[in-house]
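Structure record follows, encoded as structure tokens.
Only heavy atoms go into these numbers, but all of them, side chains included; no hydrogens, no water, no symmetry mates. These numbers were taken from a predicted model, which means no experiment stands behind them. Along the sequence shown, residues carry numbers from 1.
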Amino acid sequence: MGGDDSLQAFAAKWRAAWPEQTVLELFIPRPQRRMAVAWACLLAELHSAAFTLEHEAVREGKSRWWAEELQRLPGGAARHPVTQELAAVPAPFAGIAAPLLAVIRDVPIQAGNTAGLFARLRPFAEAVSACEAALFGGRARDTDADAVIADWLVWRLPDGLQAFDRGMLPLHLQARHGLSESALPALRRDWLAELDAAVPRAPAGNWFREAQRRFLRRRIQALAADAGIRPGPGHVWDAWRALRSR
């Protein structure tokens, strides 16, 4: 994405959190690049609004604003720089609004196990997957929603385990390890193993989600090894392979 504009600040925040995305951008055809960056930024903003805000009134207010923005998008009335970039694309953005609001009513989410957690997040993720199929071609596969959910949960690591909602950590892991400072390494290790197992092994239904699926597996491995997230040859390979699936 070139030029200084109102989208740039949101893109910079996204790249800082996920530096491997700079590799993906090199492979995206120029006509699709701004749209792909805007979509990634929108996902980051929705994740922040729904899952990271401790105070209920702030979380609800921000999420309701985004729900309204998603409903306005198909009518060409977008107000935010990120959604304005997506306004010309025919995708079911409005379908994300209701699942988003349903999710925030459950936050902080306390599911008994990983399967239960994924089930509670699936309607939201399925609405996201439907938009990605419209934006990037292909069609939403059943496993794409699982890839989206795993993405959201890994975004909360490593700091989220000490946040107000324990990063949505399932109760069976909390019961197994407890929540003391000394238990955190083993707790995180087991959670990362469960998240790694939850990432679909089958390719995603479109190139954008396929790139995220591949990047996610590398990020889980890096977190498990207490290593920093640095773009490398593996990310180049992942991005190239994902774009070849177009």
* Asked: Among pairs that include at least one residue of residues 110-120, which meet side chain to side chain donor-acceptor pair (under 3.5 Å), considering only residues two or more places apart or in two chains?
  -> T114-E194
Could you check whether any side-chain N or O of [X] sits under 3.5 Å from a backbone N or O of [Y], counting only pairs where one atom can act as donor and the other as acceptor?
X	Y	value
D190	L187	no
E69	R79	yes
T22	P19	yes
D144	A204	no
R213	A147	no
R33	E25	yes
E210	A242	no

Looking only at non-hydrogen atoms, find the nearest pair between [X] and [Y] and report the distance.
X	Y	value
A67	L100	N-CD2, 4.1 Å
A36	F208	O-CE1, 4.2 Å
G167	W191	O-NE1, 4.5 Å
L135	Q32	O-NE2, 4.1 Å
L223	R188	O-NH2, 3.4 Å
S129	V148	OG-CG2, 3.9 Å

Measuring centre to centre across the rings, with the benzene-like ring taken for any Trp, is [X] within less than 6.0 Å of [Y]?
X	Y	answer
H55	F164	no
W18	F215	no
W14	W155	yes

* State whether the number of non-hydrogen atoms from other residues, nucleotides or ligands found under 6.0 Å of E54 atom CD is greater than 12. =>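 Correct, the count exceeds 12.
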* To do: Decide side-chain contact (heavy atoms from CB on, under 4.5 Å) for W237 and R214; before the verdict, give the C-alpha distance in whole Å, the side-chain angles of both, and the deciding distance to 0.1 Å.
  => CA-CA 10 Å; W237 170 253; R214 287 172 171 267; 4.1 Å; yes
Does a side-chain heavy-atom distance below 4.5 Å link [X] with [Y]?
X	Y	value
C41	V37	yes
F27	V236	yes
L43	D151	no
P203	R141	yes
W39	E132	yes
Q174	L171	yes
E60	R105	no
E45	K13	yes

Under a 4.5 Å side-chain heavy-atom rule over Ile, Leu, Val, Met, Phe, Trp and Tyr, are [X] and [Y] clustered together?
X	Y	result
I229	L195	no
I104	V58	no
W240	L216	yes
L153	L53	no
W65	V107	yes

* Option from R189, R201, R218 for which salt bridge (charged side-chain N to carboxylate O under 4.0 Å, His left out) with D196 holds ->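 Passing option: R201.
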Nearest 0.5 angstrom please: [X] [atom1] to [Y] [atom2], how far?
X	Y	atom1	atom2	value
R122	D142	CZ	CG	9.0 Å
L42	L73	CG	CG	8.0 Å
F51	I109	CZ	CD1	5.5 Å
C131	I96	SG	CD1	3.5 Å
L169	L157	CG	CG	9.0 Å
N206	R209	CG	CZ	7.5 Å

* Go through the steps for D238 and L24 under the test side-chain contact (heavy atoms from CB on, under 4.5 Å), then give the verdict. => CA-CA 8 Å; D238 288 341; L24 178 61; over 6 Å; no
* Asked: Hey, are Q21 and Q212 close enough side-chain-wise for a donor-acceptor pair under 3.5 Å?
  ->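 There is such a pair between these side chains.
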* Asked: Taking NZ, NE, NH1 and NH2 as the nitrogens, is one of them in R156 or D165 under 4.0 Å from a carboxylate oxygen of the other?
  -> yes
* Evaluate the side-chain contact (heavy atoms from CB on, under 4.5 Å) criterion for residues M35 and F136: first the C-alpha distance (whole Å), next the side-chain angles of each, then the deciding distance (0.1 Å), finally the verdict. => CA-CA 10 Å; M35 182 266 287; F136 304 114; 3.7 Å; yes
* Asked: What orientation do H80 and W66 show, parallel under 30°, tilted 30 to 60°, or perpendicular over 60°?
  -> tilted
* Verify ring-ring contact (aromatic ring centres under 6.0 Å, His included) between F124 and W152, making sure each step is shown before the conclusion. => CA-CA 11 Å; F124 187 14; W152 289 338; 4.5 Å; yes
